[in-house]
Amino acid sequence: MTFYSVYKALFEHFGSQHWWPADTPFEVMVGAVLTQNTAWTNVEKAIANLKENDVLQAAAMARTPSEELARLIRPAGYFNVKAKRLKNFCQWYLAQGEKQSLAQWRDHELREGLLSVNGVGPETADDMLLYAFNRPVFVIDAYTRRLFSRLGLINGDEAYEELRRLFEQTLGEQNQDRKAQIKLFNEYHALIVIHAKDYCRKRPQCDECCLRSHCPQTEMKDYV
DNA sequence: GTCCAGGGTTCGT
DNA sequence: ACGAACCATGGA
């Protein structure tokens, strides 16, 4: 079992996921903040509210009062915190000249820039880098730790950066081409999430099969 | 009612 | 570097 063989198995089973579902890169960035500790269905409601009120653009969002923004994103939970985080992000995003300017930044500089925004941590930044800026970064989330520690490929308590480097280097050896790496990292993270979501749902009595926190271990025998 | 979500980010120590 | 505290909705 290797990092790449797990990817192949997931891809064969679930197919291409075409992440991230959004109309624009900015919508991806907003979604990345809103989905922090939140079910995606709730994020969709919040994004629909933003769209209906024409606030799903950096300039409009930046000038929307926090109270108003919080009201719109209420379904996504933590609305006061997230309203502030979104405004922090918009302020930085506009100051840097939006995506057109940021597209010219080096991967590492862009990552540091995103992380400098209060409310954007490593995972949120990497979601944005991978799915809005098409940079070759591997997103590490709770599911990723759980899956690969259960498969015995990692310990599980490694630091975020250590795991990110491990995945990027190991998978990068298979695929040196930057475009191919982006595609691989894009699909891989999406597949891990889909696996976590759907595998359990199909098994109402599931007590050991998936990546959700209530399952004590992970079975992949359906596809490995 | 309880548990969980595409739980992470910040801020102490 | 690590752990605690913080935030708050909606669906199963």
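Just so we're on the same page: letters track the sequence lines, and every chain starts at 1.
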Query - A:L115 or A:H189, whichever maps to the more 5' nucleotide of DNA chain B - result: A:H189
Query raised in the report: CD1 of A:I140 versus P of B:dT9: gap in Å, rounded?
Result: 13 Å
Requested in this report: Tell me what A:D127 touches on the nucleic acid: a base, only sugar-phosphate, or nothing, going by heavy atoms under 4.0 Å.
Outcome: nothing
Query raised in the report: Between A:T124 and B:dT9, does any side-chain N or O lie under 4.0 Å from OP1 or OP2?
Result: yes
Report summary line: When rounded to whole Å, the OH to P distance for the pair A:Y78 and B:dT10 reads 15 Å
Query raised in the report: In whole Å, what is the span from the CZ atom of A:F79 to the P atom of C:dC6?
Result: 17 Å
Requested in this report: Describe the nucleic acid contact of A:V33 in one word from base, sugar-phosphate, nothing, applying a heavy-atom distance below 4.0 Å.
Outcome: nothing
Query raised in the report: Can A:W19 be called stacked on B:dG6 when the rule is centres closer than 5.5 Å and an angle between planes below 30°?
Result: yes
Requested in this report: Kindly point out which of B:dG7, B:dG8, B:dT10 is positioned nearest to the side chain of A:N37?
Outcome: B:dG7
Query raised in the report: With a cut-off of 6.0 Å (strictly less than), are more than 12 heavy atoms of other residues, nucleotides or ligands near CD of A:Q100?
Result: no
Requested in this report: Nearest whole angstrom, please: distance from the P of B:dC11 to the NZ of A:K84.
Outcome: 12 Å
Query - Closest to side chain of A:R85, choosing from C:dG11, C:dT9, B:dG8 - result: B:dG8
**Report entry** Integer-rounded Å distance: B:dG7 P and A:Y160 OH
**Finding:** 11 Å
Report task. Starting from the C-alpha separation in whole Å, work towards a yes-or-no answer on side-chain contact (heavy atoms from CB on, under 4.5 Å) for A:V55 and A:L69. Result -> CA-CA 8 Å; A:V55 170; A:L69 191 55; 3.9 Å; yes
Query raised in the report: If you measure from the C1' atom in C:dA8 to the same atom in B:dC3, how many Å do you get, rounded?
Result: 14 Å
Requested in this report: Sticking with atom P, work out how far C:dG10 lies from B:dT9, rounded to a whole angstrom.
Outcome: 23 Å
Query raised in the report: Does A:K82 put a side-chain nitrogen or oxygen below 4.0 Å from OP1 or OP2 of C:dA8?
Result: no
Report summary line: A:R74 atom CZ is separated from C:dC7 atom C1', nearest whole Å, by 14 Å
Report task. Name the nucleic acid region contacted by A:V120, choosing base, sugar-phosphate or nothing; use a 4.0 angstrom heavy-atom cut-off, strictly under. Result -> sugar-phosphate
Query - Nucleotide nearest A:E123 (side chain, heavy atoms from C-beta), chosen from B:dG6, C:dG11, B:dG8 - result: B:dG8
Query raised in the report: Backbone N or O of A:A22 within a donor-acceptor pair of the A:E27 side chain at under 3.5 Å?
Result: no
Query raised in the report: Atom CH2 of A:W40 and atom P of C:dA12: how far apart are they, to the nearest Å?
Result: 18 Å
Report task. Give one of base, sugar-phosphate or nothing for A:D141, where a contact means two heavy atoms less than 4.0 Å apart. Result -> sugar-phosphate
Report task. Could you check if a side-chain atom of A:K183 sits within less than 4.5 angstrom of a side-chain atom of A:S16, using non-hydrogen atoms only? Result -> yes
Requested in this report: Give a yes/no answer on whether the side chain of A:N80 brings an N or O atom under 4.0 Å of OP1 or OP2 in C:dA8.
Outcome: yes
Query raised in the report: What is the distance, rounded to the nearest whole Å, between atom CD of A:Q36 and atom P of C:dT9?
Result: 17 Å
Query raised in the report: Say you pick atom P in B:dG6 and the same atom in C:dA4; how far apart are they, in whole Å?
Result: 25 Å
Query raised in the report: Among B:dT9, C:dT9, B:dG6, which is the nearest nucleotide to the side chain of A:N42?
Result: C:dT9
Requested in this report: Looking only at non-hydrogen atoms, find the nearest pair between A:V43 and A:T35 and report the distance.
Outcome: CG2-CA, 3.6 Å
Query raised in the report: Any chance CD of A:Q91 has more than 12 other-residue heavy atoms, nucleotides or ligands included, within less than 6.0 Å?
Result: no
Report summary line: Closest to the side chain of A:P75, out of C:dG10, B:dG7, B:dG8, is C:dG10
